[in-house]
**Student:** 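Pasting in a structure now, in structure tokens, and then I'll have a few things to ask.
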Amino acid sequence: MGCVQGKCCYCCSRYPKSSDGDAQELSNGGGVGNNQRYILTERSREIASVPSHNFKLEYSVLTQRGYYPDSPDKANQDSFCIKTDIQGNPNLHFFGVFDGHGQYGTECSNFVRDRLVEILSNDPMLSVDPIKAYNIAFEKTNTELHESEIDDTMSGTTAITVLVKGDTLFIANVGDSRAVIAVRSGSRVVAEDLSVDQTPFRNDEYERVKLCGARVLTVDQVEGITDPSIQSWGDEENDGGDPPRLWVQDGLYPGTAFSRSLGDSTAEKIGVIADPEISMVKLTPNHMFFVIASDGVFEFLSSQAVVNAVIRYTDPRDACAAITGESYRLWLEHENRTDDITIIVVHIKDLSNVCQLGVGATTNGTYGVNTDPVPILTGKGSADTSVSYHTLRSNLSETQPCLYTTPVERSPACVVPSPTHFGSSNTADH
């Protein structure tokens, strides 16, 4: 998560299996001991049906605490929530990742994880108008966080969420975590961003926070190393090492590298808002899976690289483990710490045009490829889903769409490389 103080560590990996036919909510509420500190333990694989369109969602989730040498006992500030059969509706499912930051980032992340889905679940208009319900839920959750006993003066959380309603995805994003979907296009599989990172690298977000009174400077500019009058920072791919941050006019705080979040009451005064950007995607048989992850994944991996990695595995548990392990390795390769890493992989199984007239079908009988999310203007900013962000990349993590090949059935469980033994093998039989 982009803040001057950085983020940190703890590990929470397993969650309970669901009971068939029952509404289920999965969230990380605790962690394992330090004896499990670097091993990604066995994960669960779950299935949620969407009977209205006769397909299934097969998913898994993994969260790995970061490594901070100066704060080895710091908690994992990421959290996640998966709730299926919302309001008893078997066609309504929720997936979310929340990336906390600041001294009370864990508390903020957990608060939003619990309240956002609860407010959505209690809204009788959710299935009628998901966009309105999302906006109300984010606003109410943010207000309640401000009014809670949690000190969110300099702490908060991002939120990237996907609501599955029949054959339609509604994606609501606040912050710089990300959702991406894989689209089969001929013999290739293309990554399409479902959200756009909300940072001062974006011209629209930069102009908005400037109008709210924010100073936008990199750390080097604040410290006088580079010229503070230069208000152009390139892009996140090439200039993400020292990103532009938000500061009050007469102080060296809060220093957030994101322009939207929940909580962060101090940063809110200079334009850091909790208004979600919402996009919508109508699923077709060409949509293979979607991924939701914190920026601990996307710091060194592009959206396409993540999609390419998922394709190699039939089991979402193995995809989660492989991406988490690679993300952790890249952090240690480039820095002396890692961020918290959380990822949800959701396979879209057996979606067909046959059972539902007009779903993705074209007049000539072929399947249409709906590759672009539909941007929906909400709050004070606009979504621009044509923008793609990525930073440093590894050779393993190519950014070009890959040819579709038969994935492996199962892989060895991933072992995150220990910072004290960096350079040793990062795979092992489990």
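As the structure is a computational prediction, the values presented were derived from the model and not from experiment.
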**Student:** By ring-ring contact (aromatic ring centres under 6.0 Å, His included), which residues pair with F290, not counting sequence neighbours?
**Tutor:** F95

**Student:** Give me the atom names and distance for the closest heavy-atom approach of S195 to A179.
**Tutor:** OG-N, 3.0 Å

**Student:** Would you please name every residue forming a salt bridge (Lys or Arg N to Asp or Glu O under 4.0 Å) with R115, sequence neighbours left out?
**Tutor:** E118, E144

**Student:** Of all residues at least two apart in sequence or in a different chain, which pass the side-chain hydrogen bond (donor to acceptor under 3.5 Å, both in side chains) check with S259?
**Tutor:** E205

**Student:** With sequence neighbours excluded, tell me which residues meet side-chain hydrogen bond (donor to acceptor under 3.5 Å, both in side chains) with S232.
**Tutor:** none

**Student:** Residues in side-chain contact (heavy atoms from CB on, under 4.5 Å) with D70, at least two apart?
**Tutor:** none

**Student:** Could you list the residues that satisfy side-chain contact (heavy atoms from CB on, under 4.5 Å) with S79, not counting sequence neighbours?
**Tutor:** N28, F98, S109, N110, R113

**Student:** Looking at T284, is its backbone amide N or carbonyl O close enough to the side chain of H287 to form a donor-acceptor pair, meaning the two atoms are under 3.5 Å apart?
**Tutor:** yes

**Student:** Hey, are S303 and D193 close enough side-chain-wise for a donor-acceptor pair under 3.5 Å?
**Tutor:** yes

**Student:** Under a 3.5 Å threshold, yes or no: a donor from one side chain and an acceptor from the other, between Q304 and N308?
**Tutor:** yes

**Student:** Does D197 pair with R178 as a salt bridge, N-O distance under 4.0 Å?
**Tutor:** yes

**Student:** Please identify each residue that fulfils ring-ring contact (aromatic ring centres under 6.0 Å, His included) with Y206, with sequence neighbours left out.
**Tutor:** W233

**Student:** Looking only at side-chain N and O atoms, does D78 offer a donor or acceptor that is under 3.5 Å from a partner on T342?
**Tutor:** yes

**Student:** Under a 4.0 Å threshold between the charged nitrogen and the carboxylate oxygen, would R202 count as salt-bridged to E277?
**Tutor:** yes

**Student:** So how far is it from D227 CG to D220 CG, rounded to the nearest 0.5 Å?
**Tutor:** 12.0 Å

**Student:** Please list, chain by chain and in numerical order, all residues satisfying salt bridge (Lys or Arg N to Asp or Glu O under 4.0 Å) with E335, sequence neighbours excluded.
**Tutor:** R337

**Student:** Using 4.0 Å as the upper bound for N to carboxylate O, is an ion pair formed by R329 and E326?
**Tutor:** yes

**Student:** Counting only heavy atoms not in K140, do more than 12 sit closer than 6.0 Å to its NZ atom?
**Tutor:** no

**Student:** V248: what forms a side-chain contact (heavy atoms from CB on, under 4.5 Å) with it, not counting sequence neighbours?
**Tutor:** D250, Y253, P254, I270

**Student:** Sequence neighbours left out, what passes side-chain contact (heavy atoms from CB on, under 4.5 Å) with S155? Give chain and number order.
**Tutor:** Q103, Y104, C108

**Student:** Please tell me whether S294 and D339 have a donor and an acceptor in their side chains that are separated by less than 3.5 angstrom.
**Tutor:** no

**Student:** Rounded to the nearest 0.5 Å, what separation is found between the OG1 atom of T143 and the CG atom of L262?
**Tutor:** 9.5 Å

**Student:** Holding to ring-ring contact (aromatic ring centres under 6.0 Å, His included), I want the full list of residues that pass it with F289, two or more places apart in sequence or in another chain.
**Tutor:** H347

**Student:** Under the side-chain hydrogen bond (donor to acceptor under 3.5 Å, both in side chains) rule, collect the residues that match up with N336, sequence neighbours excluded.
**Tutor:** none

